Amino acid sequence: MISIRTESVSKSFGSTRALDGVTLEIEPGELFFLLGPSGCGKTTLLRVLAGFATPDAGSVFLDGVDVTGVPPHRRRTALMFQNYALWPHLNVFRNVAFGLEQQKLPKTQIAAQVRHALAAVRLEDCAQRSVDALSGGQQQRVALARALVVRPQCLLLDEPLSNLDAQLRLEMRHEIRRVSKESGLTTVYVTHDQKEALATADRIAILHEGRVVQSGSPVSVYRLPHNAFVASFMGETNFVPGALRQIAAGVAIVETSLGAFRGRLGNPHWNPAPGEKALLSIRPEAIEFASPSETPINGIRGRVAGSLYFGEIARHVIDAGDGLRLNVAELNPSDAQGAGRKSVTAVVRAEDVIVLEPGSSCSAL
């Protein structure tokens, strides 16, 4: 297991700045996700870590050693490509053994390492099969075995599940995590799939326009976004504009057209003063229907403008007036169409109201 560190890494392609001063720390044995929309720089950063792209500025360290100018084959890393890049004319064994054969290792050593790698991905019985005869999930496992067989200290994965159907993606999330942990690998995983990252990662870094805008555990990134971009990218949210009335110890009271809301500051580096504009982020699942009494702080009054029933969950749209419509996700709903609840009162816990700085969608850490 090795640690990975980047310091102020920048990379441009012509006039396009793919990476803009990226600094990251990845711990030994960590399953670390690079997450962001297309074009945010995550694949470029992965290629810089692997040595297939040289940064214009900044440095890359593996276990504290500067490897910025070290070629890929000397970095003890393995990169698994999005399209698997398997050889269709070779069987499973030969595909996995290819890299070892290029190193001219003894045949007995190659056979042993290939068997071990195939066992790790549970394909021991498929060694002599043609890769064309395998399912998509099995081909993905072959590509993973080929990356593991060279016994890297760091595994780099570029959108490894994008070619699989939904059920296989679910299965392979757990499989990749199992293999990474059992093999003691520091793993860096690129994806644009938020659910994949939330379900699998130890930590996540979110990239936007070549910069890291937030990093942390899946829970912290989802529940405490630093800005509006992270809040909306990491899942559905409702934005409510307002103005700060009071703030103390990271807890703020914000006046909005819906009334007063108590919440917590999302960005720990933002130091607003009373009177400043603010933007509330409230997840649909954080809004709960309440008894129609006097609207308390963090209360919402409105009417149900529409509902969709999915069995275990119902999705409602609340028209709260002043042009604001809020999405609500109700677990274990008692009725299908909000019958008898055309006028509703809802409430949100203070810990689920995130107070953000308006216009901060691209602010850095």
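For clarity, every value in this text was computed on a predicted model and none was experimentally measured.
Around CZ of R262, the count of heavy atoms belonging to other residues, nucleotides or ligands within 6.0 Å does not exceed 12.
Rounding to the nearest 0.5 angstrom, the gap separating the NZ atom in K181 from the OG atom in S183 is 11.5 Å. Atoms NE2 and CG, from H208 and D20 in turn, are 12.0 Å apart once rounded to the nearest 0.5 Å. Note: L265 CG to H226 NE2 = 11.0 Å, rounded to the nearest 0.5 Å. To the nearest 0.5 Å, the span separating CZ on R146 from CG on L118 amounts to 12.0 Å. With rounding to the nearest 0.5 angstrom, the OG1 atom of T186 is 10.0 Å from the CG atom of L155. One finds the CD1 atom of I247 at 7.5 Å from the CG atom of N271 (value rounded to the nearest 0.5 Å).
No salt bridge links R349 with E288; every basic N to acidic carboxylate O contact stays at or beyond 4.0 Å. At a threshold of 4.0 Å, the pair D202-R177 counts as salt-bridged, since one of the basic side-chain nitrogens sits closer than that to a carboxylate oxygen. Between E351 and R223 there is a salt bridge, since a side-chain N of the basic residue sits under 4.0 Å from a carboxylate O of the acidic one. The pair E124-R115 does not meet the salt-bridge criterion, since no charged nitrogen lies less than 4.0 angstrom from a carboxylate oxygen. In this structure, R141 pairs ionically with E175, as a charged nitrogen and a carboxylate oxygen lie closer than 4.0 Å. A salt bridge links R5 with E7: the distance from a Lys NZ or Arg NE/NH1/NH2 to an Asp or Glu carboxylate oxygen falls below 4.0 Å.
V65 is connected to V188 through a chain of hydrophobic side-chain contacts under 4.5 Å among Ile, Leu, Val, Met, Phe, Trp and Tyr, so both are in one cluster. Both I176 and V150 sit in one connected hydrophobic cluster of ILVMFWY residues. Membership requires side-chain heavy atoms under 4.5 Å apart, directly or through other members. Under the 4.5 Å side-chain heavy-atom criterion for ILVMFWY residues, no single connected hydrophobic cluster contains both V251 and I297. Hydrophobic clustering (ILVMFWY, side-chain heavy atoms < 4.5 Å, transitive): L170 and L198 are in distinct clusters. In the hydrophobic clustering of ILVMFWY residues, with side-chain heavy atoms under 4.5 Å counting as a link, I354 and F239 come out together.
Side-chain atoms of T191 and F33, non-hydrogen and from C-beta on, do get closer than 4.5 Å to each other. Residues C154 and I2 have side chains in contact (heavy-atom distance under 4.5 Å, counting atoms from C-beta outward). Contact annotation: the side chain of Q113 approaches that of L100 to within less than 4.5 Å [non-hydrogen atoms, C-beta and beyond]. Counting only heavy atoms from C-beta outward, the side chains of F52 and L79 approach each other to under 4.5 Å.
In this structure, A260 and R245 approach most closely via the heavy-atom pair CB-NH1, 4.1 Å. The shortest heavy-atom contact between I300 and A320 is CG2-CB, 4.3 Å. The two residues A243 and G275 have their closest heavy-atom pair at CB-O, 4.4 Å. Summarising the geometry of V48 relative to P55, their closest heavy-atom pair is CG1-CD, 4.1 Å, with the distance given to 0.1 Å. Taking each heavy atom of A273 and L244 in turn, the nearest pair found is O-CD1, 3.9 Å. Nearest heavy-atom pair, S281 versus A231, reported as atom, atom and distance to 0.1 Å: OG-CB, 3.6 Å.
Note on ring orientation: taking the six-membered ring where Trp is involved, the planes of W87 and H89 are perpendicular (angle over 60°, cut-offs 30° and 60°).
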Q. Checking side chain to side chain contact (heavy atoms under 4.5 Å, CB included) for the pair R129/L134: CA distance, chi angles, key distance, verdict?
A. CA-CA 8 Å; R129 292 180 64 182; L134 302 179; 3.8 Å; yes

Q. Step by step, would you call V96 with F98 a side chain to side chain contact (heavy atoms under 4.5 Å, CB included)?
A. CA-CA 6 Å; V96 176; F98 185 81; over 6 Å; no

Q: Evaluate salt bridge (charged side-chain N to carboxylate O under 4.0 Å, His left out) for K107 paired with E101, printing each intermediate quantity in order.
A: CA-CA 8 Å; K107 289 184 178 182; E101 291 173 348; over 6 Å; no

Q: Let me see the working for E159 and K42 under side chain to side chain contact (heavy atoms under 4.5 Å, CB included), right down to the final yes or no.
A: CA-CA 10 Å; E159 301 270 12; K42 55 189 184 293; 3.8 Å; yes

**Q.** L49 and V60: CA distance, side-chain angles, deciding distance, side chain to side chain contact (heavy atoms under 4.5 Å, CB included) verdict
**A.** CA-CA 7 Å; L49 296 179; V60 177; 4.0 Å; yes

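Cation-pi geometry between R283 and Y222 is met: the NZ or CZ atom falls under 6.0 Å from the ring centre, inside 45° of the normal.
With hydrogens and angles left out, the side-chain atoms of D66 and T68 include a donor and acceptor closer than 3.5 Å. Using a 3.5 Å distance cut-off with no hydrogens or angles, the side chains of D158 and T43 do pair a donor with an acceptor.
Checking side-chain atoms of T6 against main-chain N and O of L24 turns up a donor-acceptor pair under 3.5 Å.
For an aromatic pair to be called close, the ring centres must be under 6.0 Å apart, and H316 with F289 satisfies this.
Checked options E236, E330, E285; the residue passing with R315 is E236 (criterion: salt bridge (charged side-chain N to carboxylate O under 4.0 Å, His left out)).
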